[in-house]
Amino acid sequence: MKPNILFFVFDSLRADKFYGKFKTAKTPNFDKLMENGVYFEQAIASADATVLALNSIFNATFPFATGVRTWKIILTENNFLDFLKKSGYNMYGLMPDLTMFSKISDCFVNDDKFYQAIAPFSVHPFISNAKTIIKNISTNNLTKPWFYYLHSEEFHWPLDSPEDFDNEKYGDNRYDRMLALVDHWLGKIFEEIDMKNTIIIITSDHGQHIPFDEKGMRFFEPEFKKEIEVGKKIMPKFTHKIGAKMIVKVRDGITKKRLKKANEGLTPFQKRSRLPHTSLSVFDETVRVPLLISGFNLDSKIIPDQVRSIDIFPTIIDLLGFKRRHKFHGRSLVPFFRNESLEELPVYMHTNPHIKITTDDKVGIRTSKYKYFRGVNPGENVNLYDLKNDPQENYNIASNNPEIVEEMENILENLSSETQKDDYEEEISQEEMKRMESELKELGYLDEDENLTSDDMNSNK
């Protein structure tokens, strides 16, 4: 019998908070997993947001192979979820009830595969999700061999930390204390699992900005509650929209002034930590993710080499003893498990798509030595960082190192010279588009006055 597979994706979980000198969370269960598993210190995602990142993971391809301006999960003909199903695995999942997940949800057979993603909760969602998994495993409700996928949004802003864990003994800040909560409930799940016959994967789709001193941009915004209330009462209704725009303009001006003062003396890394979570970025805080593969009698190892999220499923398939003939960008990391070396391969990265291409859109390459990225047009907003000497990417050295820029640009061009998909592959109904638009606004990825259209979903302009 093949081993079961328990696959956790913790949305927006950063690698430096999971392991290393910046970790303050109390995580005895994660620590125990590392004693029976392989942890990759330098695992890099291909995107700074969920859809492109998951497309890369499930298809083991870089974002340009499935489209860099897509808004939904795309599973190609040769995706790895379908491969596991065809190889005899029974597929289960638990994920947010968002339209972007509809394609992946079709792979799973359980009725309890969704949880409420946008709503106030009487019970913390991860606690509820953990209880669902525990019930399914403990009651033998899963047909073996099984693959169980959980997509958790506990680390997505705004953080909603339960009172019992909102204590400094669990971590120095709300983010770390959330990790302690997750660890606590994962321990209860692991009690129900045969660790010798289960492969456990812990990773994230991408990282995120964690505000310096826990003061993000919104901390510096004036509220204007009284002014808005008074304005609504005394101003004619037809002027409310214009008045709201004026207030927003004044608010933004005050916020910028406050932020500028508060940022005096901070490093570029600390300054950009206060950007909204929807800001486009391929700095390491948004693309460096934890990757732990544990259980199944694996020996404990810490691998410092750069690896990629696209390597996860090829590694799982190799561990299972399966062979795949189809070509993909990812590769198996199993040689590391045997103390063998692998030649380092660069990571292609692309920012999350907004409705239209702007100067904020970035594309780039990462090696263990350098990070290079620019605007989607060559020569636009060029950035180069020496990761060995400047791991927090504070100093852009592009202008003083044209030869390195050229070398990295050549790597980028060679990687992305394959046929790129710029169009969204499947038809999206107006009803589905409206749902997606509403969800994106709730999650903060669209402003209230922004709208999706069929052109937006199918255009790279």
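Atom CD1 of Ile200 and atom CZ of Phe7 lie 12.5 Å apart (nearest 0.5 Å). To the nearest 0.5 angstrom, Lys362 atom NZ is 8.5 Å from Ser281 atom OG. The CG atom of Asn414 sits 13.0 Å away from atom OH of Tyr348, with the distance rounded to the nearest 0.5 Å. Note that the CD atom of Glu221 and the CG atom of Leu259 stand 10.0 Å from one another [nearest 0.5 Å]. Here CZ of Phe58 is found 8.0 Å from SG of Cys107. Values are rounded to the nearest 0.5 Å. To the nearest 0.5 angstrom, Ser12 atom OG is 9.5 Å from Ile210 atom CD1.
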For this session: Start with the C-alpha distance between Lys261 and Phe220, add both sets of side-chain angles, then the distance that settles side-chain contact (heavy atoms from CB on, under 4.5 Å), and finish with yes or no.
Result: CA-CA 10 Å; Lys261 185 172 179 58; Phe220 301 98; over 6 Å; no

Exercise. Between Phe190 and Lys32, does a side-chain contact (heavy atoms from CB on, under 4.5 Å) hold up when you go through it step by step?
Worked result: CA-CA 11 Å; Phe190 298 151; Lys32 191 174 180 180; over 6 Å; no

For this session: Step by step, work out the side-chain contact (heavy atoms from CB on, under 4.5 Å) result for Leu94 and Tyr115.
Result: CA-CA 7 Å; Leu94 187 53; Tyr115 63 86; 4.1 Å; yes

Problem set entry | Test side-chain contact (heavy atoms from CB on, under 4.5 Å) applied to Val376 and Ile357, step by step | CA-CA 8 Å; Val376 292; Ile357 288 180; 3.7 Å; yes

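For the pair Asp213 (side chain) and Lys215 (backbone), a donor-acceptor distance under 3.5 Å is absent. Remark: side-chain polar atoms of Ser438 are not paired, donor with acceptor, to backbone N or O of Lys434 under 3.5 angstrom. Checking side-chain atoms of Asn55 against main-chain N and O of Ile74 turns up a donor-acceptor pair under 3.5 Å. Looking at Ser204, its side chain never comes within 3.5 Å of a backbone N or O of Gly207 through a donor-acceptor pair. Under a 3.5 Å cut-off, the side chain of Glu154 and the backbone N or O of Val182 do not form any donor-acceptor pair. With Asn79 contributing its side chain and Asn59 its backbone, the two residues share no donor-acceptor pair below 3.5 Å. The main-chain N or O of Val382 is found under 3.5 Å from a side-chain atom of Asn396 such that the two form a donor-acceptor pair. When atom types are taken as modelled, the side chain of Arg331 and the backbone of Asp311 share no donor-acceptor pair closer than 3.5 angstrom. Looking only at distances, a side-chain donor or acceptor of Gln306 sits under 3.5 Å from a matching main-chain atom of Arg366. Distance alone, capped at 3.5 Å, places no donor-acceptor pair between the Asp205 side chain and the Leu54 backbone.
Arg374 pairs with exactly one of Val363, Leu384, Asn381 by the side-chain contact (heavy atoms from CB on, under 4.5 Å) rule, that one being Val363. Evaluated for a side-chain contact (heavy atoms from CB on, under 4.5 Å) with Asp31, the options Asn29, Leu33, Thr27 yield exactly one hit, Thr27. Across Asp166, Asp183, Asp172, a single residue satisfies salt bridge (Lys or Arg N to Asp or Glu O under 4.0 Å) together with Arg177, and that is Asp166. Exactly one residue among Phe283, Tyr372, Tyr370 makes a ring-ring contact (aromatic ring centres under 6.0 Å, His included) with Tyr385. That residue is Phe283.
Between Ser279 and His209 the shortest heavy-atom distance is CB-NE2, 4.1 Å. Contact between Pro290 and Leu13 at its shortest, heavy atoms only, is CD-O, 3.2 Å. Here the shortest heavy-atom pairing between Gln270 and Leu266 reads OE1-CA, 3.3 Å. Nearest heavy-atom pair, Asn352 versus Leu280, reported as atom, atom and distance to 0.1 Å: O-CD2, 3.3 Å. Smallest separation of non-hydrogen atoms from Tyr395 and Asp390: N-OD2, 2.8 Å. What you find for Ala45 and His206 is that their closest heavy atoms are CB-CA, 4.5 Å.
Residues Val289 and Ser309 have side chains in contact (heavy-atom distance under 4.5 Å, counting atoms from C-beta outward). A heavy-atom distance below 4.5 Å is not found between the side chains of Pro96 and Phe114. Considering only heavy atoms from C-beta on, Glu393 stays 4.5 Å or farther from Asn383 through its side chain. The shortest side-chain heavy-atom distance between Glu409 and Leu412 falls under the 4.5 Å cut-off. For the pair Lys301/Phe336, no side-chain contact is recorded, criterion being any heavy-atom separation below 4.5 Å from C-beta on. Here the side chains of Lys371 and Met349 are in contact, with some heavy-atom distance below 4.5 Å. Phe126 places a side-chain heavy atom less than 4.5 Å from the side chain of Leu186. A heavy-atom distance below 4.5 Å is not found between the side chains of Asp305 and Gln42.
With ring centers used as reference points, Phe219 lies 6.0 Å or more from Phe212. For His329 and Phe64, the ring centers are positioned less than 6.0 Å apart. Outside the 6.0 Å centre-distance limit, the rings of Phe155 and Phe18 are not counted as a close aromatic pair. Less than 6.0 angstrom separates the ring centroid of Phe80 from the ring centroid of Phe328.
Ring pair Phe108/Phe147 is parallel by interplanar angle, where below 30° counts as parallel and above 60° as perpendicular.
The ring-ring contact (aromatic ring centres under 6.0 Å, His included) search around Tyr19 returns Tyr39, not counting sequence neighbours.
At most 12 heavy atoms of other shown residues, nucleotides or ligands fall within 6.0 angstrom of atom CD in Glu168. Environment of NZ in Lys23: crowded, with over 12 heavy atoms of neighbouring residues, nucleotides or ligands closer than 6.0 Å. Heavy-atom neighbours of Lys113 NZ from other residues, nucleotides or ligands within 6.0 Å: above the threshold of 12.
Side-chain polar atoms of Ser368 and Glu344 form a donor-acceptor pair below 3.5 angstrom. Looking only at atom types and distance, the side chain of Asp176 has a donor-acceptor partner in the side chain of Thr24 under 3.5 Å away. A donor-acceptor contact under 3.5 angstrom links the side chains of Glu439 and Thr99, judged on distance only. His151 and Tyr149 share a side-chain donor-acceptor pair at under 3.5 Å.
Here Asp361 pairs with Arg69 in a salt bridge; the nearest charged N to carboxylate O distance falls below 4.0 Å. Taking 4.0 Å as the cut-off between side-chain N and carboxylate O, Arg435 and Glu431 count as a salt-bridged pair.
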